[in-house]
Amino acid sequence: MNTMNETVGHAGVPATPITVYAERRARITRAMGAGVAILPTAPERIRNRDSHYPYRHDSYFYYLTGFREPEAVLVIVAGDSPRSILFCRERNLEREVWDGYRHGPEGARERFGFDEAHPIAALDETMARLLADQPALYYPAGADTEWDARAMRWLNAVRAQARAGVHAPDRLNDVRSLLDDMRLVKDSHELAIMRRAADISAIAHRRAMRATRPGRHEYEIEAELLHEFRRHGAEFPAYWPIVAGGANACVLHYVANSAPLAEDALLLIDAGCELESYAADITRSFPVSGRFSPAQRDVYQVVLAAQHAAIGATRAGAAWNEPHDAAVKILVRGMLDLKLLPGSLDEALEKETYKRFYMHRTGHWLGLDVHDAGEYKRAGAWRTLSPGMTLTVEPGLYIRAADDVPDALRGIGIRIEDDVLVTDTGCEVITAGAPKEIAEVEAWMRDAR
Ligand code: GLY
Ligand code: MN
Ligand code: MN
């Protein structure tokens, strides 16, 4: 049976051929040159007694394997006889009655295209052998204390053979540094999934806008989002949705989602699904009544203009900080016009007084993780954007009530967040399906009433 082209896709996404994962392993093998890399997947976590948190594999491990079972480790041997080895759970008919299908080493090797596969129970003994006479161990050091201890035991087991002439690796490298650079630029398979995750998340935001009414609770709107994610096949929310009415929007990580929605309030929703392990991340802020008040409109227009400016600054060749700096300039001008800040633009920028109302950065890498892998600065210089990178653009203004804040603006919190793909000529907004222009938002909500 030719199993190399079997696929794991679903939910309206073109399936990723299994060969793609093998090609990624070949790339990292070349980047290592020599040595052995070890990547465990994530552990299962108990919520209480016999109940587990929903299982989510490790992103690095998944990126190189496409394998979703817990209790699995990928080992890559670089050098003269390069190979990739999976350690995983054995078939166990009794456990499979309770927990479901397991591939087992032989099934996993055939289906996922590893050179070798072994039972997870053979890991310790095999590692001590594999690390003999290798120059380097590539390993996600510090990610998990149990794995750290285990890796040190392997190294010591090899060192114990010194008098037999066996040499232990004397370099310990972080395997994630090599992978971060690979993960930063998405391939066509990843982009197809991310576009679909973005579409589903945009549909969910549209549904949430139409479901919003004065007197409904934040959690009722959260339920609309989760319903829409799941009904399209998304496995999880990519992070817990923020559904923040009124002044709750000024709490950046508000997740209680428990309050009733006031007629004169705005509702900020930050929600995105995870599909085929890739995240979307969208924020929209809109009036509960369906119509922006003049004060809400004034603040919203500032954030929207800042977002347009940041998107305009997102292009291949730009430095990472350019979109942020473009957004900050517009936001600060807005803060001055709205009488939130005294003084001049230059003064506010220099003294960073704007941070009282805009205290986060304008974006982050996006991919398998919502705050995805990849450095932002290297050797003191901001990274340069290049085609295939995906990031968020998410300026906001958060105006907590205070004596020196104009009455009409107190408790207004607004963020507008889109996901963008850097292209040769600029960027493509992949979350454009969620309305954000004022007329668009009001029309969308009006038509549902
Ligand atoms: N939802 C998390 C973020 O916007 O970064
Ligand atoms: Mn974000
Ligand atoms: Mn977000």
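The shown structure was predicted, so the numbers you read here are calculated from the model rather than taken from an experiment. First listed ligand is number 1; within each ligand, the first listed atom is number 1. Heavy atoms only: backbone and side chains are in, while hydrogens, waters and symmetry mates are out.
- Heavy-atom contacts from other residues, nucleotides or ligands closer than 6.0 Å to CZ of Arg47 number 12 or fewer.
- For ligand 1, residues of the protein lying within 4.0 angstrom by heavy-atom distance are Tyr239, Asp270, Asp281, His364, His371, Glu394, Glu417.
- Around atom CZ of Arg291, no more than 12 heavy atoms belonging to other residues, nucleotides or ligands sit under 6.0 Å away.
- Here the protein contributes Asp281 OD2, His364 NE2, Glu394 OE2, Glu417 OE2 as N, O or S atoms under 2.8 Å from the Mn ion (ligand 2).
- No side-chain N or O of Glu69 forms a donor-acceptor pair with one of His57 less than 3.5 Å apart.
- The six-membered or imidazole ring of Phe67 lies near that of His103, with a centre-to-centre distance under 6.0 Å.
- The closest side-chain donor-acceptor pair between Glu220 and His217 falls under 3.5 angstrom.
- Remark: Arg24 is positioned above the aromatic ring of Tyr63, its terminal NZ or CZ atom under 6.0 angstrom from the ring centre and at most 45 degrees off the axis.
- Using a 3.5 Å distance cut-off with no hydrogens or angles, the side chains of Asp418 and Thr431 do pair a donor with an acceptor.
- Aromatic ring centres of Tyr398 and His360 lie closer together than 6.0 Å.
- In this structure, Tyr139 has its ring center at least 6.0 angstrom away from the ring center of Trp147.
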